Amino acid sequence: MPRLLPRVAPSPETTAAAATLPSADLARLLRFVHPWAWWAWALSVGGAISLTTNPLVIVLLAATVVLVVVQRRPDTPWARSLKIYLYMALFIVVMRLFFQIVLGGIRTGTVLFTLPSVALPAWAAGIRLGGSVTVDGLAFAATDAIRLAAMLLCVGAANSLANPRTALKSVPAGLRDISTAMVIAISLIPQLIASVHRVRRGQRLRGGRRRGLKALPGTLIPVLEDSVESSLQLATSMEARGYGRTRVAGQRRRGSLPLLGALLCLLFGVYVLLGVPATGDGMLGLSATALLAVGLLAVGLALTIWGMRASSHQLGVTRYRPAPWGRPEYVTVACGLAGFAVVAFMASQLGSPDAMNPPATPFRWPTLPPLTLAAAALFALPGFATPVSRATA
């Protein structure tokens with residue numbers, strides 16, 4: 001039964017439990033959510049966070065992201081990267097507040113304390129070291145930093161929930177070059193964390209007891225060596241499987257002209273939509289400019305699909321045990337899009353724009369709109385309505 005085999009080696013507990021389970025229960029035990037479904041969910045949460053400057057809403061959505069990761073991350077080395085992203089988010093907040101206090105920005109409102117000012121030369125006009133530190137300035141800096149940190153947590157959640165190698169296998173063959181670069185980029189931190197865990201575990205087995213900065217010299221070199229060896233092993237594996245080779249040697253690459261035309265159509269369509277004033281009346285109440293933009297975008301989308309299919313047919317790419325896409329994936333993507341739609345409605349003129357984007361000055365304690373609780377519930381639903389993989393790397 002090839003569909004029931006795990007894509008990674010199962011843990012001993014999973015193997016013992018699977019021996020007594022029927023086929024359907026075993027399939028659910030080894031089932032995992034498609035990595036691109038998790039990325040779509042995480043990008044939806046990040047897009048919702050970018051639409052608001054209310055710190056209560058941002059913290060609520062960030063807590064929802066952490067909750068889903070804790071509930072659904074697999075027992076793999078690359079799934080332990082959320083802690084590093086939490087430290088990075090805390091560093092962003094601290095540094096943003098530090099620069100606000102030292103370099104200043106918004107200095108209106110109630111003054112908390114005053115630092116000694118330092119006179120700067122004429123070429124640094126506009127920058128002042130020290131001075132008064134106000135409530136409005138700190139509140140604005142903290143909100144801006146929390147929003148950036150929350151969006152970083154969304155990327156960390158996607159890295160913790162989505163298997164990067166499975167994501168690489170699940171992209172169209174025509175995007176092999178771009179997908180390889182993207183997957184290598186997004187899996188850099190999880191792979192480094194996995195290398196650090198392997199090196200530290202080996203040091204503890206050999207009796208090493210150094211911690212903190214004293215353990216850095218003995219950890220850095222083995223981690224770099226492990227990363228280089230893993231990269232060479234991956235490159236050798238991809239070359240042995242014929243990754244990136246065309247069906248016929250020397251054959252002209254297909255799909256280049258349609259993809260070039262798609263790029264031009266999308267570029268001009270976005271320019272006409274955003275940069276050209278609306279003129280004339282068209283169908284469905286749209287102006288002639290809007291109709292032209294929609295037509296260019298539609299042609300660009302059609303050329304993109306054509307070019308990708310033509311490029312994919314040129315490659316002799318096979319997929320061994322492709323990642324499934326079923327009800328859990330649809331639930332994950334639908335929850336992400338629904339939560340984003342709720343936040344977008346709240347941020348629009350039809351919702352509560354003042355509550356979602358309160359003014360920076362004067363400082364007022366923000367309120368939590370009740371409808372944002374529904375958005376948080378939608379974002380949190382995949383953490384309880386989707387299966388969790390019990391396989392370990």
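What you see is a predicted model, and the numbers here were worked out from it, not measured in a lab.
- Distance alone, capped at 3.5 Å, is enough to place a donor-acceptor pair between the Glu329 side chain and the Gly326 backbone.
- Remark: Phe384 CZ is packed, more than 12 non-hydrogen atoms of other residues, nucleotides or ligands lying under 6.0 Å away.
- A continuous path of ILVMFWY side-chain contacts below 4.5 Å connects Val66 to Val59, so both sit in one hydrophobic cluster.
- Residue Ser348 comes nearest to Pro353 through the heavy atom pair O-CD, 3.3 Å, listed as atom of the first residue, atom of the second, then distance.
- Each of Val70 and Leu90 belongs to its own hydrophobic cluster when Ile, Leu, Val, Met, Phe, Trp and Tyr are linked at side-chain heavy-atom distances under 4.5 angstrom.
- Note: Leu292 CG to Phe268 CZ = 11.0 Å, rounded to the nearest 0.5 Å.
- By the rule that hydrophobic residues join a cluster once side-chain heavy atoms approach within less than 4.5 Å of another member, Leu368 and Val45 end up as members of one cluster.
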Hey, can you pull the donor-acceptor pairs under 3.5 Å for the side chains in residues 333-345, sequence neighbours left out?
none

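- The side chain to side chain donor-acceptor pair (under 3.5 Å) analysis of residues 134-155, with sequence neighbours excluded, yields no pairs.
- Here Leu161 contributes atom CG and Leu82 contributes atom CG; the two are 8.5 Å apart, rounded to the nearest 0.5 Å.
- Across every non-hydrogen atom of Ala149 and Ala89, the tightest pair is CB-CB, 3.5 Å.
- The minimum heavy-atom distance between Ala158 and Ala42, with the atom names listed, is CB-CB, 3.8 Å.
- Scanning both residues, Ser160 and Arg73, for their nearest heavy atoms gives O-CB, 4.1 Å.
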Does the side chain to side chain contact (heavy atoms under 4.5 Å, CB included) test come out yes or no for Leu267 and Leu296, once each step is laid out? CA-CA 9 Å; Leu267 178 64; Leu296 287 174; over 6 Å; no
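- Between Pro359 and Arg364 there is a side-chain heavy-atom pair separated by less than 4.5 Å.
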Decide side chain to side chain contact (heavy atoms under 4.5 Å, CB included) for Val69 and Leu153; before the verdict, give the C-alpha distance in whole Å, the side-chain angles of both, and the deciding distance to 0.1 Å. CA-CA 10 Å; Val69 174; Leu153 282 181; over 6 Å; no
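- Between Leu60 and Leu56, every side-chain heavy-atom pair lies at or beyond the 4.5 Å cut-off.
- Among all heavy-atom pairs drawn from Gln71 and Gly383, the shortest one is CB-O, 3.4 Å.
- Ring geometry for Trp36 against Trp39 counts as tilted: the plane angle lies between 30° and 60°, on a 0 to 90° scale.
- Here the CG-CG distance, from Leu266 to Leu303, works out to 8.5 Å after rounding to the nearest 0.5 Å.
- Hydrophobic clustering of Ile, Leu, Val, Met, Phe, Trp and Tyr side chains at less than 4.5 Å, counting indirect connections, keeps Leu301 apart from Trp306.
- Residues Gly269 and Ala293 come closest through the heavy atom pair O-CB, 3.6 Å.
- Leu51 has its side chain out of reach of Met346: every pair of non-hydrogen atoms, C-beta onward, lies at least 4.5 Å apart.
- Distance check: Thr386 OG1 to Trp38 CH2 gives 4.0 Å after rounding to the nearest 0.5 Å.
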Between Leu61 and Phe379, does a side chain to side chain contact (heavy atoms under 4.5 Å, CB included) hold up when you go through it step by step? CA-CA 8 Å; Leu61 297 182; Phe379 285 135; 3.7 Å; yes
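- Hydrophobic clustering (side-chain heavy atoms under 4.5 Å, transitive across Ile, Leu, Val, Met, Phe, Trp, Tyr) keeps Leu381 apart from Leu371.
- Considering CD1 of Ile49 and CD1 of Ile146, their distance stands at 11.0 Å, rounded to 0.5 Å.
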Kindly determine whether Trp41 and Val65 satisfy side chain to side chain contact (heavy atoms under 4.5 Å, CB included), including the steps that lead there. CA-CA 10 Å; Trp41 171 83; Val65 169; 4.3 Å; yes
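- Atom-to-atom distance recorded for Leu97:CG and Ile92:CD1 is 12.0 Å, nearest 0.5 angstrom.
- Residue pairs meeting the side chain to side chain donor-acceptor pair (under 3.5 Å) criterion with at least one member in residues 47-67, sequence neighbours excluded, are Thr53-Asn357.
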